[in-house]
Amino acid sequence: MNLMATTWKMIVGNSPLCSFACNKKEPLEPQRIKKFGIEHLRFRNDFKLLDKIAQRINVSVSGSGMTRPVNGSEMGVIEDTDFELIGGIIYDACKEQGVNAMPGLLCWEWNLTDKKNIVDQLSYCSREGNLGVGKIFHALVIKTGFCGDKIVDTALVNMYAKCGEIGSAVKVFDGMLSIDVASYNCLISGFLSNEMFDEALGFFAQMGVWEIRPNHYTFSIMISGCGSVFAINEGIQLHAHVVKLQHVVNGVVANSLLTMYCKFGMMENAQSLFQSLPKKNVVSWTAIISGLYQQRALEKALLQFYLMRQHGFEPNEYTLTMALSSCGGIKQFDNGYALHAQLVKKGMASGAFVGTAIVDMYTELGQMDNAEKQLQEMGTIASAVSWNALIAGFVHNNNIEAALKAFHKMVLNYVPIDEYTFSNALKACSSFPSLSTSRQIHCWVIKASSERNLHVASSLIEAYGKCGSLDDAEKVFDQISMPDIVSWNCLVKAYSQHGYFEKAVSLFKKMVVEGVKPSGSTFLAVLSACSHCGLVQEGKEFFKSMLMNYSVIPEETHYCCMVDLFSRSGHLEDALDFIKRLPIKPTASIWRPLLAGCRCHCDLQLGEYVANRILELEPDDASVHVTLSNMYFDVGRLGDLVKQRELMKLKEVKKEPGYSWIEVKNKTYKFFSGDTTHPQTPEVYDLLEKLINDIRISTPHTELGLCNEGKLLYHSEKLAVCFGLLNLPAGTPIRIFKNIRVCSDCHTTMKHISKITKHEILLRDNYRFHHFKQGCCSCGDFW
DNA sequence: CTAGGGTTAG
């Protein structure tokens, strides 16, 4: 309450809403109402309907005005009317509207002249959003002459407002003879639920003109509206009023304030308000939990959830779902299981929302078996969202094959495919990467007219990029009407990954011209292009301009990229200097490219130094020993080599999710994949050594790259073993070349592979070979 | 006539 207690006086003083009797805002003119895009002609249909009813019961409809007092002659009509017959006709009309099940709504015993009944029916329509039936009842209201009655008219306003026909609501409201706070509330609430905050505020301010005082209903409505549209100033002002008028004691008003602050992300205000509530209920607790959850303060959300239970409040489906998701997000396995168990016990686990949340939790915990099992148990309840969650889970957990299988199964089960599905499936294609599958999905996307979705389009660009089909990627990009930063980044990245430095830069310039501000990812792509093309000077300039010209703060990944840029090009001292000047403490990831550079440029002394820095930070990194042992081999220090090999074998290879499999001579080997810095098991290294004699792999970068750690494996459509792929992003397309000569020293594939036409050739005319020349010239084996 | 609210994608 601190905020309120101290500030409301100040706020109230100059609030435009401060006095309800003072009218600073002009009341809404008809012109203004028209400006909202409101149609006033909707009632025509009702007359038609009314005429239809009238014809059938053979009475004339005398009234033409909608909202005027009932006159004597109309009363006469009512007296003559066979209301049972009208009831029957309404029943038929409802059926014609396709309304079958309206339990308790229409029955013969009703007295249709009973005002309360009609109001009940109208509020039923409001709740259900049933405009068609609502209009029929409006017709009945006119027929029976109830229009003009304040309560009936208010019910009509409410009905139209809730059913989304706000123009008709305004029309009825305007025609009302006397207006009270309830009619205003209905209309304001209608504006807010139709996302017309300004109009709601206008009418709220207008109440004062008629000397109608807003009540606690009004404040609840308005406060909730402020929360939805992020109207912070108005919200705080309303809070001040509420304090002044002592409405806070009302639980509903307090809860709406609480929710509003949660939506604003002002959790401190929300918490203090929450603490001050004398009577908390489930809504109050849910608001706080949901607020924390939305702020991604998952631990706090979970804590709040436990507190809620401690205070004896029974969690419902919603609170349980948020608790579940929180467990997934912060990897709380045990609590996750416990919550799942509770949901099963309560019989909620197979509901669509909760069930999906369970699937999602297990994918976040990396337990894909459980996720799949949960989906199976949901059976036909499983929605597209549930399937999407599963597929996304497989993609995140690097099981691409399973992701595509799940996608296939989803199709077989006639689950409707949506944009999320496309995006996920395409992501799987790019990790594979499989051009043919990407194309198939693209066809599907076109058939479903989903190309306009930015997520889908970006995924397509990425997939084509990863599959090496840059023309397709560009075509997809060109078809986007308003590309956003992500779509731009996808295209820049695609060109960058394939070594098209100039193209990446020209795209970068183009996006700036078109008013899209480059992001961290954009710079990462451009810097990476510089690094792979050996363009040290250009890279340095881009790095400088990041912060200076585009105010993008460099992150660890950018630093890695810069170290890589220096190291690849042999500027090892510059790399070291760069690391030492960093504003952050250098991480292992920042040191690693320098170690690779030392290996490639044969600087053993610096290599040892860097290796020690990495091992200080990540003592279990076996790959450091691999590199060192190779460097000792190069200089003939076999004793040191053996030592490193021993150390390497001693160190446990981390057991992380994300493997690839490779089949060689009917035996399956398991590899870590997806992370180029992951060390493989010693068994894998042995295998790779054997394979090196049979298969040569090339990527767009191997020709340029640092070479021959032989530790990287990518899962392509066929087997792929990569050499020299340090710092290559996961999923970079690779092709397999058989019997290609490589540089005997650094295993760099040689330029003349482009002559081997029967295999797919990745080398392009404008491809740069800076590194290749340096590396292989220095080893003297330049053919 | 009023307050709360969960799951998926670039």
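When reading the values below, keep in mind they use all heavy atoms of this one structure, side chains included, and skip hydrogens, waters and symmetry mates. Order of the sequence lines sets the chain letters (A, B, ...), proteins ahead of strands, with each chain counted from 1.
Under the side chain to side chain donor-acceptor pair (under 3.5 Å) criterion, no residue pair touches residues 295-304 of chain A, with sequence neighbours excluded. For residues 250-260 of chain A, the set of pairs meeting the side chain to side chain donor-acceptor pair (under 3.5 Å) definition, not counting sequence neighbours, comprises A:Asn255-A:Asn281, A:Asn255-A:Ser284. Counting only residues at least two apart or in different chains, side chain to side chain donor-acceptor pair (under 3.5 Å) contacts with residues 343-366 of chain A comprise A:Glu314-A:Lys346, A:His340-A:Tyr362, A:Thr356-A:Ser386.
Considering only residues two or more places apart in sequence or on other chains, A:Ile151 meets the side chain to side chain contact (heavy atoms under 4.5 Å, CB included) condition with A:Lys115, A:Val119, A:Asp149. In this structure A:Tyr420 satisfies the side chain to side chain contact (heavy atoms under 4.5 Å, CB included) test together with A:Asn388, A:Asp418, sequence neighbours excluded. For A:Ala200, the side chain to side chain contact (heavy atoms under 4.5 Å, CB included) test picks out A:Ile188, A:Phe191, A:Leu192, A:Met222, with sequence neighbours left out. Qualifying side-chain hydrogen bond (donor to acceptor under 3.5 Å, both in side chains) partners for A:Asp472, counting only residues two or more places apart in sequence or in other chains: A:Arg439, A:Ser469. Every residue two or more places apart in sequence or in another chain that forms a side chain to side chain contact (heavy atoms under 4.5 Å, CB included) with A:Val229 is listed here: A:Phe197, A:Ala231. The salt bridge (charged side-chain N to carboxylate O under 4.0 Å, His left out) check on A:Glu372 picks up nothing, with sequence neighbours excluded.
Nearest nucleotide to the A:Asp484 side chain, out of B:dG10, B:dG4, B:dA9: B:dG10. In the set B:dA3, B:dT8, B:dG4, the nucleotide with an atom closest to the side chain of A:Asn388 is B:dT8. Among B:dT2, B:dG6, B:dG10, the nucleotide with an atom closest to any side-chain atom of A:Thr321 is B:dG6. The listed nucleotides are B:dG10, B:dC1, B:dA9; the one nearest the side chain of A:Glu462 is B:dG10. Nearest nucleotide to the A:Val282 side chain, out of B:dG4, B:dA9, B:dT2: B:dG4.
The side-chain heavy atoms of A:Ile289 and A:Leu302, taken from C-beta on, include no pair separated by under 4.5 Å. Residues A:Lys171 and A:Tyr160 are not in side-chain contact: their nearest non-hydrogen atoms beyond the backbone lie 4.5 Å or more apart.
Of the residues in residues 349-362 of chain A, those placing a heavy atom less than 4.0 Å from an atom of DNA chain B are A:Phe353, A:Val354, A:Thr356, A:Asp360, in numerical order. Non-hydrogen atoms lying under 4.0 Å from DNA chain B are contributed by A:Asn453, A:Leu454, A:His455, A:Ser458, A:Ser459, all within residues 453-460 of chain A. The stretch residues 291-309 of chain A touches DNA chain B through A:Tyr293, A:Gln294, each having a heavy atom within less than 4.0 Å of the strand.
In this structure, the CZ atom of A:Arg127 is 15 Å from the C1' atom of B:dT2, given to the nearest Å. As rounded to whole Å, 13 Å separates atom P of B:dA9 from atom CE of A:Met410. Here the C1' atom of nucleotide B:dA9 and the CG atom of A:Leu404 are 15 Å apart, to the nearest Å. To the nearest angstrom, P of B:dA9 lies 12 Å from CG of A:Asn397. Atom CG in A:Asn255 sits roughly 9 Å away from atom P in B:dG4 (whole-Å rounding). Put simply, CG on A:Leu238 is 17 Å from P on B:dT2, counting in whole angstrom units. Rounded to a whole Å, the CD1 atom of A:Ile391 is 13 Å from the P atom of B:dG10. Distance A:Glu419 CD to B:dT8 P: 16 Å, rounded to the nearest Å.
Among the atoms of the strands shown, none is found under 4.0 Å from any heavy atom of A:His247. Within the nucleic acid shown, A:Lys162 comes within 4.0 Å of sugar-phosphate atoms alone, with no base atom in reach, counting heavy atoms only. Among the protein residues, A:Asn250 comes within range of no part of the nucleic acid, since none of its heavy atoms lies under 4.0 Å from any strand.
Distances shown here put every side-chain N or O of A:Lys493 at or beyond 4.0 Å from the OP1 or OP2 atom of B:dG10. The shortest distance between the side-chain N/O atoms of A:Lys263 and the OP1/OP2 oxygens of B:dA3 is not below 4.0 Å.
For A:Trp285 and A:Phe305, the gap between ring centers reaches or exceeds 6.0 Å.
Of the residues A:Trp488, A:Phe523, A:Tyr495, the one that meets the ring-ring contact (aromatic ring centres under 6.0 Å, His included) test with A:Phe508 is A:Phe523.
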